[in-house]
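First up is the structure itself, then whatever we jot down about it.
Counting starts at 1 for both ligands and their atoms, following the listed order. This one's a predicted model, so the numbers in the text were calculated from it and none came from an experiment.
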Amino acid sequence: MRLDVLTIFPEYLEPLNVSLVGKARARGVLDVRVSDLRDWTYDRHNTVDDTPYGGGPGMVMKTEPWGDALDAVLADGYEAGAHGPALVVPTPSGRPFTQELAVELSARPWLVFTPARYEGIDRRVMDEYATRMPVYEVSIGDYVLAGGEAAVLVITEAVARLLPGVLGNAESHRDDSFAPGAMANLLEGPVYTKPPVWRGRGIPPVLTSGHHGKIARWRRDEAFRRTAENRPDLIERCDPSAFDKKDRET
Ligand SMILES: OB(O)c1ccc2cc[nH]c2c1
């Protein structure tokens with residue numbers, strides 16, 4: 001997969017050189033290219049924004065730098081269709097970013113990220129490129145950020161870990177909180193490791209019982225409990241019948 005990021009803060013994307021994404025790049029699974037949007041400005045101040053039509057606070061990111069930058073990036077092998085690029089626009093007004101969307105994005109060969117700053121990007125940019133490729137306007141949550149670069153880091157990590165060869169079997173995303181299966185849509189329950197006692201605190205005896213069926217049921221119950229506490233909205237999306245089947249198998 002190729003990932004392009006166009007940003008006025010290239011240094012913000014340094015974390016894409018380390019950890020899971022960094023390793024995937026080193027292994028050639030990911031081809032990440034970060035470009036400075038200001039390279040496509042031609043005035044003395046490298047201007048990327050201007051006042052909003054209709055008035056109001058803040059500034060809007062101008063069309064020209066984005067258009068010139070996107071055309072330059074896309075000139076490098078652009079093709080339309082499922083084998084072509086998709087535009088990913090992190091924005092507070094976008095659709096929620098979910099594991100399901102991460103899976104959808106991980107199936108594409110090329111993602112081009114355009115993180116916004118200020119009050120956002122002139123609408124005509126997304127409208128223009130929507131004539132050539134899918135445009136995903138995505139929000140990572142209901143909170144205010146200074147820009148979309150943090151969202152690019154989040155989306156990139158969630159997508160990269162789904163790519164073949166990125167996670168080893170031991171780290172498989174198969175058992176993720178939001179991966180398909182009996183525990184789908186449940187939060188992770190509590191986890192424990194050595195030492196068996198720490199500051200007088202032991203661990204749940206079932207975890208050292210050696211009874212895999214009881215351990216699985218305990219983990220399911222704890223996942224339900226934690227989900228009911230922190231994300232009751234997810235409970236209704238669970239399929240309890242899957243647990244009965246899973247219990248019978250263990
Ligand atoms: O919540 B978000 O995903 C998000 C994304 C981009 C920007 C830009 C300014 N605030 C933002 C918030």
Indicate whether any N or O donor in one side chain lies under 3.5 Å from an N or O acceptor in the other, for [X] and [Y].
X    : Y   : answer
Y42  : E64 : no
Y129 : D71 : yes
E149 : T7  : yes

Could you tell me whether D127 and R123 make a salt bridge, using a distance below 4.0 angstrom between a side-chain N and a carboxylate O? yes
Are the charged groups of R117 and D49 less than 4.0 angstrom apart, N to O?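 Salt bridge between R117 and D49, a charged N being under 4.0 Å from a carboxylate O: no.
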For ligand 1, which atoms, with element, lie under 4.0 Å from some heavy atom of [X]?
X    : answer
S139 : 1 (O), 2 (B), 3 (O)
T91  : 4 (C), 5 (C), 6 (C)
A116 : 8 (C)
P90  : 5 (C), 6 (C)

Which protein non-hydrogen atom lies closest to atom 10 (N) of ligand 1, naming both residue and atom, and how far is it?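 Closest protein heavy atom to atom 10 (N) of ligand 1: L145 O, 3.0 Å.
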So which protein heavy atom does atom 11 (C) of ligand 1 come closest to, and at what separation? P92 CD, 3.4 Å
With heavy atoms only and a cut-off of under 4.0 Å, state how I140 meets ligand 1: side chain, backbone, both or neither. both
Remaining members of V60's ILVMFWY cluster at a side-chain heavy-atom cut-off under 4.5 Å?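 Besides V60, the cluster holds no residue at all.
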Other than Y192, which residues form its hydrophobic cluster under the rule that side-chain heavy atoms must be closer than 4.5 Å? I203, V206, L207, I215, W218
Check: G141 N/O within less than 3.5 Å of ligand 1 N/O: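 There is such a contact, yes.
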Can you find an N or O of Y118 that's nearer than 3.5 Å to an N or O of ligand 1?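 Not met; the criterion fails.
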